Number of protein chains: 2
Amino acid sequence: MSTIWDVAKLAGVSKSTVSRVINNGSCSPEAKKAVLDAIEKLNYQPSYFAKNIRTQKSMSIALVIPDISNLFYTELFKTVQEVAYAHQYMVILCDTQHNSDYEIKYVKQLINRKVDGLIYGTYKMDAKTQSFFVSLSESLPIVFIDYAYKRYENISIVATEGYQSTSEAVKFLYDKGRRHIAYINFSRDVEVTQLRYQGYIKGLEDCGLAYSSNVVYFPSSRKKMDGISIGYHGARKLLSRNQKIDAIMTAADQIAIGVNKYLKEQKIRIPDDISLVGFDNNAICEIIEPTLTTIAQPINSIGTTAMQILINKIKGIDNPEQRIFMKGNLIQRNST
Amino acid sequence: MSTIWDVAKLAGVSKSTVSRVINNGSCSPEAKKAVLDAIEKLNYQPSYFAKNIRTQKSMSIALVIPDISNLFYTELFKTVQEVAYAHQYMVILCDTQHNSDYEIKYVKQLINRKVDGLIYGTYKMDAKTQSFFVSLSESLPIVFIDYAYKRYENISIVATEGYQSTSEAVKFLYDKGRRHIAYINFSRDVEVTQLRYQGYIKGLEDCGLAYSSNVVYFPSSRKKMDGISIGYHGARKLLSRNQKIDAIMTAADQIAIGVNKYLKEQKIRIPDDISLVGFDNNAICEIIEPTLTTIAQPINSIGTTAMQILINKIKGIDNPEQRIFMKGNLIQRNST
DNA sequence: TTGAAAGCGTTACCAA
DNA sequence: TTGGTAACGCTTTCAA
């Protein structure tokens, strides 16, 4: 590997001049040409480490998320990577496996590696972790992509607004003639989806329907269940209560998949007997049968916007924190 | 951030001694204790850049893959990350979007960042890219996770053997009474799956069944189709030829999903009229209906083994290249 | 066992 | 516009 010294010698100038040419400092056209030629000839690339020991910039950002197999995050990664790469950043993906300890360990490692910023999404509620990230945000550019962080001020956040869109989906079911709308949620410590749940309650109210805890299911926080299991067990539980139910709304597509599975096993027809609505608009919505009506999160917009804000924060532009809440969009398919 | 200097001053020793303590050089117990205490007190962490400018090690590895939304790679990432993290490596994920130009661009960037090694998977056949990676492998530790690279010597490779396992699956269908077994593959430039296809032919032979190109479908290389579309169009094409078909094998679960979709639209019963077999054992196999019989790749073993080999290569242990081909495992579900 | 000092390859300051 | 030189924070000789 050739160094800046080799370039300087070949071009007949000093290291400083070479550095200036690279970093767009002022120099004469002749010097510039000579340096550029030398760089070309030697196939010179500045050393990543040497450069960053001075600048303290790593040209890396991290995407810290709970689970890359969740299709929402898979898509998000792809978008983030694309924008990042266009701006010469590399992205370090950290899958924290829903584990707060991992989150903090990873982030400490990332700080040591001087990541220029990070995009952080989770969906567990854990006061200690939340305040860790919020206060970290004062010293490191962070964009939160989690609606639950809405309560904190002075942080930048891009997320799908779950309240309004869920309440509108209730209205949609109402207009389809459904009057007994159930809801299956993640456990109460998954904070993002609690706002979707609030939207459900608001929607019932708007339609003049009574709320009943008999048609609502939350798994216990202690049990570690994935979305599909929650949906499966939730549907079973709800139907075992002998309540009239003609629609089930869920806090996530994964949950709806589990519900779908249980209903089919019981020969309950979707949507004839029970309508089903998810949240996210994962690729699976088109694959399962019947295809799943869902509230789509605008993942690409979230990713692009979050990256744009992050890059601005890193560059020190646009200092005031940005708070952007995107609207969920009801995608109607065959399950309603 | 405190530096090695601060530690040295607080411990009353020189920088050199501090460095030695950290890197297990020889020193007196007293010195060691003083330094450790100082490190503790100052919450000192060696600077990542300063350290690596000397050692030329980044403690990062890269996972270069064509598409993170392919569940095979999603799972692989999780396994690789886990092993990497346990050995203090961070992983840089590069989703190349099936694009050879991106692959090479990414890798040049990675080289500049001095990644200690990389795990490389693709599935396109492209002589130029292949030889790029093979010859890169001489100067940088690489583990290939692609069966297609089998032909190159002096490289390390961990992959699922597709030939034998596919031929055994043919035998399985034969034993179930199927005599008209069709095959749907990716286009011919997707090299990994061509060996699965060869296994299909071998399987027919073993069972004394005649091969017929009338029941085989390859999409054209030029059309950019995802797996699901290939399956959907492939099934339509095959069935339009008025050949007798009582089973369809596919080179990937994604393809089988498309086949499943088309057959259901045509009211063709699975498995009563046509059996269906995938390859990979994605999570979706359990979700679609009927659940999908498939040849499982041992993803976790592949990931763990690949990482172990990579780490050994990085550390200079186990120099002879390793070539490990794992057996695919037929998982029987309701589609057969 | 220890410390001084010379690098590693950059950037950034300051004079010229 | 230039070049010399001092950092940046570490590792690694080399003497002591």
Side-chain angles (χ1 to χ4, degrees), chain A residues 1-39 41-60 88 109 111-116 314-316, chain B residues 1-39 41-60 88 108-109 111-116 315-316:
Chain A
M1 271 276 98
S2 43
T3 75
I4 200 169
W5 240 118
D6 304 319
V7 176
K9 269 186 291 186
L10 186 61
V13 297
S14 72
K15 290 194 303 180
S16 322
T17 304
V18 176
S19 178
R20 258 180 242 115
V21 170
I22 295 169
N23 301 299
N24 299 315
S26 55
C27 58
S28 67
E30 307 85 57
K32 183 165 185 172
K33 182 170 182 333
V35 169
L36 256 23
D37 284 351
I39 286 175
K41 204 164 296 171
L42 294 171
N43 191 23
Y44 164 77
Q45 280 199 300
S47 149
Y48 175 72
F49 293 124
K51 176 167 189 148
N52 295 329
I53 198 181
R54 298 286 318 183
T55 61
Q56 298 283 57
K57 298 251 154 279
S58 64
M59 294 310 285
S60 301
Q88 347 292 343
Q109 184 60 237
I111 292 171
N112 186 239
R113 290 178 179 232
K114 300 271 189 302
V115 286
D116 296 336
I314 291 171
K315 298 200 171 148
Chain B
M1 272 277 99
S2 45
T3 76
I4 201 171
W5 241 119
D6 303 319
V7 176
K9 268 185 292 183
L10 185 59
V13 297
S14 70
K15 290 194 303 178
S16 324
T17 303
V18 176
S19 178
R20 259 179 241 115
V21 170
I22 295 169
N23 300 297
N24 298 314
S26 57
C27 58
S28 68
E30 306 85 59
K32 185 164 185 175
K33 181 170 183 337
V35 169
L36 256 23
D37 284 351
I39 286 176
K41 203 165 296 171
L42 295 171
N43 192 22
Y44 164 76
Q45 279 199 301
S47 150
Y48 175 74
F49 293 122
K51 177 168 189 145
N52 294 328
I53 197 180
R54 301 285 316 188
T55 60
Q56 297 284 60
K57 297 253 156 277
S58 65
M59 295 309 285
S60 301
Q88 348 292 342
K108 289 196 169 150
Q109 185 60 236
I111 292 170
N112 185 240
R113 289 178 179 231
K114 300 270 189 300
V115 285
D116 296 335
K315 298 200 170 148

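Convention: sequence-line order gives letters A, B, ...; per-chain numbering from 1. Every value quoted in this text rests on a predicted model; they were computed, and no experiment measured them. Just so you know, these numbers use all the heavy atoms, side chains as well, and skip hydrogens, waters and symmetry mates.
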Residues in contact with DNA chain D, drawn from residues 13-20 of chain A - heavy-atom cutoff 4.0 Å: Val13(A), Ser14(A), Ser16(A), Thr17(A), Arg20(A)
Asn112(B): side chain to side chain donor-acceptor pair (under 3.5 Å) partners, not counting sequence neighbours: none
With sequence neighbours excluded, residues passing salt bridge (Lys or Arg N to Asp or Glu O under 4.0 Å) with Lys57(B): none
Separation between NZ of Lys51(B) and CD of Gln45(B), rounded to the nearest 0.5 Å: 10.5 Å
Sugar-phosphate only, base, or nothing, as touched by Glu30(A) at under 4.0 Å among non-hydrogen atoms: nothing
Min side-chain heavy-atom separation Met59(B)-Arg113(A) under 4.5 Å: yes
Which residue lies more 5' along DNA chain C, comparing Thr3(A) with Gly12(B) via nearest heavy atoms: Gly12(B)
Side chain to side chain donor-acceptor pair (under 3.5 Å) against Lys315(B), all qualifying residues, sequence neighbours excluded: none
For chain B, the stretch of DNA chain D it reaches, first to last nucleotide, under 4.0 Å of its heavy atoms: dG9(D) to dT12(D)
Sub-4.0 Å heavy-atom contacts from residues 46-53 of chain A onto DNA chain C, ordered by number: Pro46(A), Ser47(A), Ala50(A), Lys51(A), Ile53(A)
Note, Ser60(B) side chain near Lys114(B) side chain (heavy atom, < 4.5 Å): no
Interatomic distance, Asp6(A) atom CG to Leu42(A) atom CG [nearest 0.5 angstrom]: 6.5 Å
Plane angle bin for Phe49(A) and Tyr48(B) - parallel if under 30°, tilted between 30 and 60°, otherwise perpendicular: perpendicular
With sequence neighbours excluded, residues passing salt bridge (Lys or Arg N to Asp or Glu O under 4.0 Å) with Lys9(A): none
Side chain to side chain, Asn52(A) and Thr55(A), heavy atoms closer than 4.5 Å: yes
Heavy-atom side-chain proximity of Tyr44(B) to Ile4(B) below 4.5 angstrom: yes
Span of DNA chain C in contact with chain A (heavy atoms, under 4.0 Å): dG9(C) to dA12(C)
Ser19(A): partners by side chain to side chain donor-acceptor pair (under 3.5 Å), with sequence neighbours left out: Asn23(A)
Selection residues 14-37 of chain A - residue pairs positive for salt bridge (Lys or Arg N to Asp or Glu O under 4.0 Å), sequence neighbours left out: Lys33(A)-Asp37(A)
Check: Ile22(B) and Ile39(B) side chains under 4.5 Å, non-hydrogen atoms: yes
Axis-to-axis angle between the two ends of the helix from dT1(C)-dA16(D) to dA16(C)-dT1(D) (five base pairs per end, rounded to 10 degrees): 40°
Partner set under side chain to side chain donor-acceptor pair (under 3.5 Å) for Ser16(A), not counting sequence neighbours: none
